[in-house]
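Everything numeric here is computed off the predicted structure, so don't read it as measured data. Sequence positions, counted from 1, serve as the residue numbers for this chain.
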Amino acid sequence: MLRKPHGMPVLLVLAVILLLSGCAADPGVGLRDESGDNAAAATALLEEAVARREAIVNTSTEIVWSETFTPGETYTGTAYYVSNQGDDGNDGLSPETAWATLARVNQASLAYGDAVFFERGGVWRNTTVETKEGVTYSAYGEGAKPRICASPENGGDSTLWSLWWEGENGEKIWLYHRDMPDCGAIVLNEEIVAQKVLGYWSGKEFLHYIGPANWTPDEFDLEEQLSQAPFDVTTELTENLTFFSKADSTLPDTLPVFLTGWEWDGLTPVGELYFRCDEGNPGELYGNIEFQTQCPLFDYVADDCVLDNLFIGFAGDGVVTVGEGDGVTIQNCEVGWVGGIVGIYNTGNASTGYGAGIQRLAGGMGGGNHGTRFQNNYVHHMYHAGGGIETFEEQGFESGSVYGVQFVGNLFYQCASGLTFFNWDEEPNPERKFVDCIYEDNWVLFTGLEDWMDQSYSPAFSHEGGPNLQEGCAIRNNVFFVARSAIVYIQEYVEEYFPDFEGNTYVQYADIPLIHSDSENLDMDYYDPQAAMEVLGDESGTVILLNEDIWSNRLE
């Protein structure tokens, strides 16, 4: 799909803005006169998004003790404190006697209604938080949200890097001081993402990889791939700020190789990390270098848990999975810099849910469950979906349906895809449906518009899978602001099962579709605002079509 160039001026000419209340459009549809200052209207939306982001990042902790447990507002049991200056030998009952590590938190006999408060400004690394039913995990003190990171360490130290190779034209490749697990991306000062260069594991060695990260089985030629030359770091890292993660220590000699998912053997390979940085030692140039490595930070969150005011990220795979937890609340969190690890070296015909060849993974928040509420979170730089719900045969409770999941007031920024609504069933099954699930007042901005993402399709909202049988589900009052592909993707359209779209704002480049469909009963692409709103049934929606790039596809 078309990608807009960076660096265009902010003073833009907007092509068409929706359906005017005075014209032949359906009554009630929001509109703007083409002669108005449309560039200012689009810019105002971005300014509001920046303000919302800052408000989420700086949200204070407001959870207090009470005799009544209200998730996200109160706790009823004992409060425990965790600090980088603490000691696991302490009782954890006050900031002065805080524990120190996540391991100590996981060992604690936490009871329903208890709360664990992490000191703001602290960092905890490379440990899964084993959540307990009905426990709140939040922050105390002043300053930045406490950080729960998969990245094993900060590489912003010159002593951690050694010059491994220097080319005739000033190319410099640096070797990290220790073996690392497969790294999906390297984040430099939380501003720049170093690009990963993939190799293909043959069963004996890494080979030059001939394809993109997400080939489908019918496009993958294993014989051609296995005939490629061995991977040569000095010739493969052709660009500055690229790297190769040679994590091969436990890779088997047979294909396919599963590194995540239900077929995974649980062994995480490690190996050398090579980083091309022509300007000099990375540890001197960047004070903060984080590695997106595999560690499920909050994996299968327990029933009635609350995650509040935490930073969760720098991980190679999904970080907040509510696969089976009922009544979970995730609020006021920042979830960022996730993805890019290799999920599978496939042959093209293995029985797996992943793509063939190499599948690179990551997701933000989601799962199939009941009553989970994601509210007021800032989710950004996800290699895959920012958030969503899904259900399929092997997942769910009782009937297998998903009830009452809500995404409210979140901001999703530069995720490879935005929000998903995904039922894997090919035929409608009343025992597996979405009931009263809501996406409301969310902002989804610049989907797929980041250099390190190479997902094949990057919509702001995805209606995927089969017909997605549902009752009472709505997508309303959201702002979908620019996607590399269509704003809305519809895999299979059945009008009687389609969720309600109401009052959303859709901002898109005029030469990229508002809707892309793979359904037999819909046209493939919809560019016309009125036709798109008729498909979605969003009579009160607003569409803004842009002719040029705005803010360089970034929030300032």
| Would you say the side-chain atoms of Thr61 pair up with the backbone N or O of Tyr140, donor to acceptor, closer than 3.5 Å? | no
| field | Exam field: side chain Lys145 to backbone Glu334, donor-acceptor pair closer than 3.5 Å | value | no
| said: Is the shortest side-chain heavy-atom distance between Thr293 and Pro152 below 4.5 Å? | reply: yes
| Sub-6.0 Å ring centroid separation between Tyr413 and His381 | yes
| query | Does Arg125 reach the main-chain N or O of Ser151 with its side chain, forming a donor-acceptor pair under 3.5 Å? | reply | yes
| query | Can you name the nearest heavy-atom pair linking Thr131 to Cys305, along with the distance? | reply | CB-SG, 3.7 Å
| Would you call the rings of Phe314 and Phe311 parallel, tilted or perpendicular if under 30° counts as parallel and over 60° as perpendicular? | tilted
| task | Of all the heavy-atom pairs spanning Asn189 and Leu285, show the shortest one and how long it is. | result | ND2-O, 4.4 Å
| query | Just by distance, with hydrogens left out, do Ser158 and Asn281 show a side-chain donor and acceptor under 3.5 Å apart? | reply | no
| query | Quick check: does any side chain N or O of Asp317 sit under 3.5 Å from a backbone N or O of Thr260, one acting as donor and the other as acceptor? | reply | no
| Mind checking whether Tyr439 and Phe407 have parallel, tilted or perpendicular rings, split at 30° and 60°? | parallel
| request: Drop me the distance from Gln195's CD to Phe243's CZ, to the nearest 0.5 angstrom. | output: 8.5 Å
| Can you find a pair of side-chain heavy atoms, one from Tyr209 and one from Gln228, that are under 4.5 Å apart? | no
| request: Identify the two heavy atoms, one from Leu175 and one from Glu272, that lie closest to each other, and give their separation to 0.1 Å. | output: CD1-CB, 3.7 Å
| If you round to the nearest 0.5 Å, how far is CG of Asn58 from CG of Asn309? | 10.0 Å
| Does the separation of the ring centres of Phe220 and Tyr200 fall below 6.0 angstrom? | yes
| Hey, what's the ring geometry for Tyr176 with Phe291, parallel, tilted or perpendicular (30° and 60° as the breaks)? | tilted
| Looking at Ala460 and Phe480, what are the two nearest heavy atoms and their distance? | CB-CD2, 3.9 Å
| query | Are the side chains of Asn84 and Glu119 in touch, meaning some heavy atoms are under 4.5 Å apart? | reply | no
| message | Donor-acceptor pair, distance only, cut-off 3.5 Å: does the side chain of Asp248 make one with the backbone of Phe206? | response | no
| query | At what distance, to the nearest 0.5 angstrom, does OG1 of Thr347 lie from CG of Leu255? | reply | 7.0 Å
| said: Would the distance check show the side chain of Ser202 and the main-chain N or O of Lys204 forming a donor-acceptor pair, the cut-off being under 3.5 Å? | reply: yes
| Are Ile192 and Tyr286 close enough that some pair of their side-chain heavy atoms sits under 4.5 Å apart? | yes
| task | Spell out, as yes or no, whether a donor-acceptor pair under 3.5 Å connects the side chain of Gln491 to the backbone of Gly465. | result | yes
| remark: Here the gap from Glu290 atom CD to Asn154 atom CG, rounded to the nearest 0.5 Å, amounts to 5.0 Å
| task | Using modelled atom types only, decide if a donor and an acceptor are shared between the side chain of Asn106 and the backbone of Thr128 within a distance under 3.5 Å. | result | yes
| note | When rounded to the nearest 0.5 Å, the distance separating CE of Met180 from OG1 of Thr268 is 12.5 Å
| said: Taking the ring centre of each residue, are Tyr274 and Trp174 less than 6.0 Å apart? | reply: no
| query | Are side-chain N/O atoms of Asn332 and Asn376 paired as donor and acceptor at under 3.5 Å? | reply | yes
| Which is it for Phe374 and Leu419 under the side-chain contact (heavy atoms from CB on, under 4.5 Å) test, yes or no, and what are the steps along the way? | CA-CA 12 Å; Phe374 303 91; Leu419 290 165; over 6 Å; no
| task | Measure the shortest side-chain to side-chain distance between Pro296 and Thr321 over non-hydrogen atoms and say whether it is less than 4.5 angstrom. | result | no
| query | For the atom pair CG (Leu110) and CD (Glu133), what is the distance rounded to the nearest 0.5 Å? | reply | 12.5 Å
| request: Using a strict 4.0 Å threshold on nitrogen-to-oxygen distance, state whether Lys172 and Glu166 make a salt bridge. | output: yes
| query | Donor-acceptor pair, Asn442 side chain versus Asn478 backbone, under 3.5 Å? | reply | no
| task | May I ask you to test the Val193-Trp337 pair for a side-chain heavy-atom distance under 4.5 Å? | result | yes
| field | Smallest separation among heavy atoms of Ala108 and Trp99, with atom names | value | CB-CH2, 3.6 Å
| query | Is the closest side-chain heavy-atom distance between His208 and Thr235 below 4.5 Å? | reply | no
| Within a strict 4.5 Å, meaning less than it, do heavy atoms of the Gln406 and Gln375 side chains meet? | no
| Closest non-hydrogen atom pair, Ala416 against Tyr383 | CB-O, 2.8 Å
| said: Tell me if a side-chain donor or acceptor on Asp182 pairs with a main-chain N or O of Val342 at a distance below 3.5 Å. | reply: yes
| task | Carefully, step by step, assess Phe244 and Ile173 under the rule side-chain contact (heavy atoms from CB on, under 4.5 Å). | result | CA-CA 10 Å; Phe244 174 59; Ile173 297 178; over 6 Å; no
